[in-house]
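To start, the structure under review is shown below, and the notes come after it.
None of these values were measured; they are calculated from a predicted model.
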Amino acid sequence: MKSELKAQRVILAREIERPSRRRRFAALGLGLLSAMGFQPLGLWPLALLAMGGFVLLLAGAEARREAFLLGWLFGFAHFTFGNNWIATAFTYQAEMPAILGWAAVPLLSLYLAIYPGLAALGARLLTPKGGGIALAIAFAGCWIVTEWMRAWVFTGYAWNPFGMVLLGSFSRPGIAALAPWMGTYALSGLAVLLGCLGALLAARKQFVLLVLLGVAVTGGMLWPAPPDADGTLRYTLVQPDIRQEQLNESPFFEQNFRKTAQLTYPRRPGEHRLVLWPESGVPDYLLDGYPQRYYDSMTAFGDPHLARLRIARVIGADSLLMTGTVDLEIRHGRAAAARNAVTALNDKGEVVAGYDKAHLVPYGEYLPMRWLLEPIGFSRLVPGAIDFWPGSGPRTLDLGRWGQAGIQICYEIIFSGSVVDPEKRPDYIFNPSNDGWFGSFGPPQHFAQARMRAIEEGLPVLRATTTGISGVIDGHGVVREYVPQRVAGRLDGLVPPALAPTLFSHMGNRLPLAWAGLLVVAAIALRLRRR
């Protein structure tokens, strides 16, 4: 009798495990499909349906542990595919084998997947039984909170919030036009809700309503942008197409400078313009006061004053240049650290303003726990034996006739709510970047996130990169002009005017968190009503 009962328990456990195992594989597949809504693929209908399909899957999870596991598996596949460009970065690091990049992506995803896992767990806690619209609303609210957490825990990794799938083509903002009243993370919650609603209608075979929903969402993605408006400040934006293999190699420094300089010519006589060069736009050290050996290693002149005068001749009279540079922190006659900086130079070769990057890339611009990791072979993904030090945070530079400039260097632009000085709103945001080590997926995703910051803040973003994508984005998120990847080019025009301050610019990420609170309250209310 005991042996029969034992056998029946084994059979029952196997029957329970089969659907559980199928759900786990389904969660992986749906996570992979959901990441296809990001650039450069932009398959947003597939991403929304995959997210909705996951919530249907989550409805079958009875135990909290299984809910978390399903969310974690979904997130693991989602982040592994969406962050595949990170593997390319390792091909430009001589001190580590390139194959390590293909291990780094899933290893990072093991951590990032915790956040979708927490969102699934939270939704299951709020709605302990069943699925339906209450579970969908709860999951959307929890997704907003966990995505916001992902942006700041352990310095944060805010790349590819799910709301990015609602960003339209270059000529129209899509449903992301709602970002000024929601913020990016609440827009992610909306994307989750739209996907869940579509999946629920399909599961209940309410095809007429499903078609109507599809038409409404498609209409939102194709809704035309407001008319263009021109500003008064003329710009020249340069993308020199300096490949990563040559960017940091001293034999190419002079060649790279000449390429950038030639693209900056010609200029109209008497023209008053703002010139924009990318991150790593100048190989020379431009500040005074370093030991001579550092100047000798980086410039043909061995003199920062002469280097600045040469740049002044390139940009011409009545022009001001903002360019990416590297500055040094000298301690006891040696370079203790570096600064990833933007330096503003006038037509006399004078430094009129500067900004130091505040949000640095872990393992890219500095090595956490260097004392432990460096001896065992882990080094940074950029050349050099010293780390970068961070600046103080978003600042607005007063450039006189050239306006009030907000600066965000490269990776900083992805952090929603942290790109503008709250005390002094700028006229525009300058976003110099080097995306040459981002592969083919990274640059389009990076550019899309710069567009989202423009929409949230109602500010134009001028983006100059070494290899693309460079462009000018107005406050509606519309791309006025751009230079594609791996093309040398130059853009000339008028900086689009800033829009009126948005609700998000006043509230920051308190706004999406308020939306998350409303969704959680709504989910609890629906649950109590059913009781």
Side-chain angles (χ1 to χ4, degrees), residues 16-17 19-31 33-34 47-78 112-150 161-163 165 182-183 185-206 209-210 213 217 512-531:
I16 293 171
E17 181 62 24
S20 177
R21 189 178 299 168
R22 285 197 295 268
R23 282 198 293 271
R24 292 170 191 175
F25 281 114
L28 285 168
L30 290 168
L33 294 175
S34 68
L48 295 180
L49 289 173
M51 182 62 79
F54 172 73
V55 175
L56 292 181
L57 197 70
L58 182 61
E62 296 292 337
R64 298 171 185 176
R65 179 180 176 183
E66 186 182 7
F68 176 83
L69 179 59
L70 290 175
W72 185 88
L73 291 169
F74 175 88
F76 176 76
H78 176 86
L112 296 175
I114 291 172
Y115 295 99
L118 291 173
L121 174 61
R124 190 75 288 175
L125 289 171
L126 290 168
T127 53
K129 292 184 179 180
I133 193 65
L135 178 65
I137 292 173
F139 184 65
C142 292
W143 186 279
I144 293 170
V145 174
T146 57
E147 202 168 74
W148 166 74
M149 290 172 59
R150 176 164 66 89
F162 190 65
V165 304
M182 302 183 73
Y185 304 132
L187 196 68
S188 296
L190 176 61
V192 169
L193 275 178
L194 290 173
C196 293
L197 187 56
L200 287 170
L201 292 174
R204 295 172 183 178
K205 299 182 180 179
Q206 295 175 315
L209 292 177
L210 180 61
L213 176 66
V217 174
L513 291 176
W515 281 106
L518 287 174
L519 290 171
V520 168
V521 169
I524 294 171
L526 282 172
R527 173 188 165 190
L528 295 175
R529 183 181 177 188
R530 286 185 178 180
R531 281 186 176 182

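Closest non-hydrogen pair, I137 versus A522, comes out as CG2-CB, 4.1 Å. Contact between C196 and V55 at its shortest, heavy atoms only, is SG-CG2, 3.2 Å. The minimum heavy-atom distance linking E62 with E66 is given by the pair N-OE1, 3.9 Å. The nearest pair of heavy atoms linking L193 to A140 is CG-CB, 3.7 Å. Pairing each heavy atom of A516 with each of V145, the nearest pair is CB-CG2, 3.8 Å. Of all non-hydrogen atoms in L126 and C142, the two that sit nearest each other are CD1-SG, 3.9 Å.
Under the side chain to side chain contact (heavy atoms under 4.5 Å, CB included) criterion, L518 pairs with W515, sequence neighbours left out. The ring pair (Phe, Tyr, Trp, His ring centres under 6.0 Å) search around F139 returns F54, W143, not counting sequence neighbours. Remark: F162 pairs with no residue by the ring pair (Phe, Tyr, Trp, His ring centres under 6.0 Å) rule, at least two apart or across chains.
Put simply, the side chain of L58 does not reach to within 4.5 Å of the side chain of R23, judged on heavy atoms. Within the 4.5 Å cutoff, the side chain of F74 has no heavy atoms near those of the L28 side chain. Taking the side chain as every heavy atom from C-beta outward, I524 and V520 approach each other to under 4.5 Å.
Atom CG of L209 is separated from atom CG of L200 by 12.0 Å, given to the nearest 0.5 angstrom. Atom-to-atom distance recorded for F68:CZ and L121:CG is 7.5 Å, nearest 0.5 angstrom. With rounding to the nearest 0.5 Å, the separation of CG in L194 from CG in L213 is 6.5 Å. To the nearest 0.5 Å, the span separating CG on L526 from CG on L135 amounts to 11.5 Å. Rounded to the nearest 0.5 angstrom, T127 OG1 and I133 CD1 are separated by 11.0 Å. One finds the CG atom of L187 at 9.5 Å from the CD1 atom of I144 (value rounded to the nearest 0.5 Å).
A donor-acceptor pair under 3.5 Å links the side-chain atoms of R124 to the main chain of A61, judged by distance alone.
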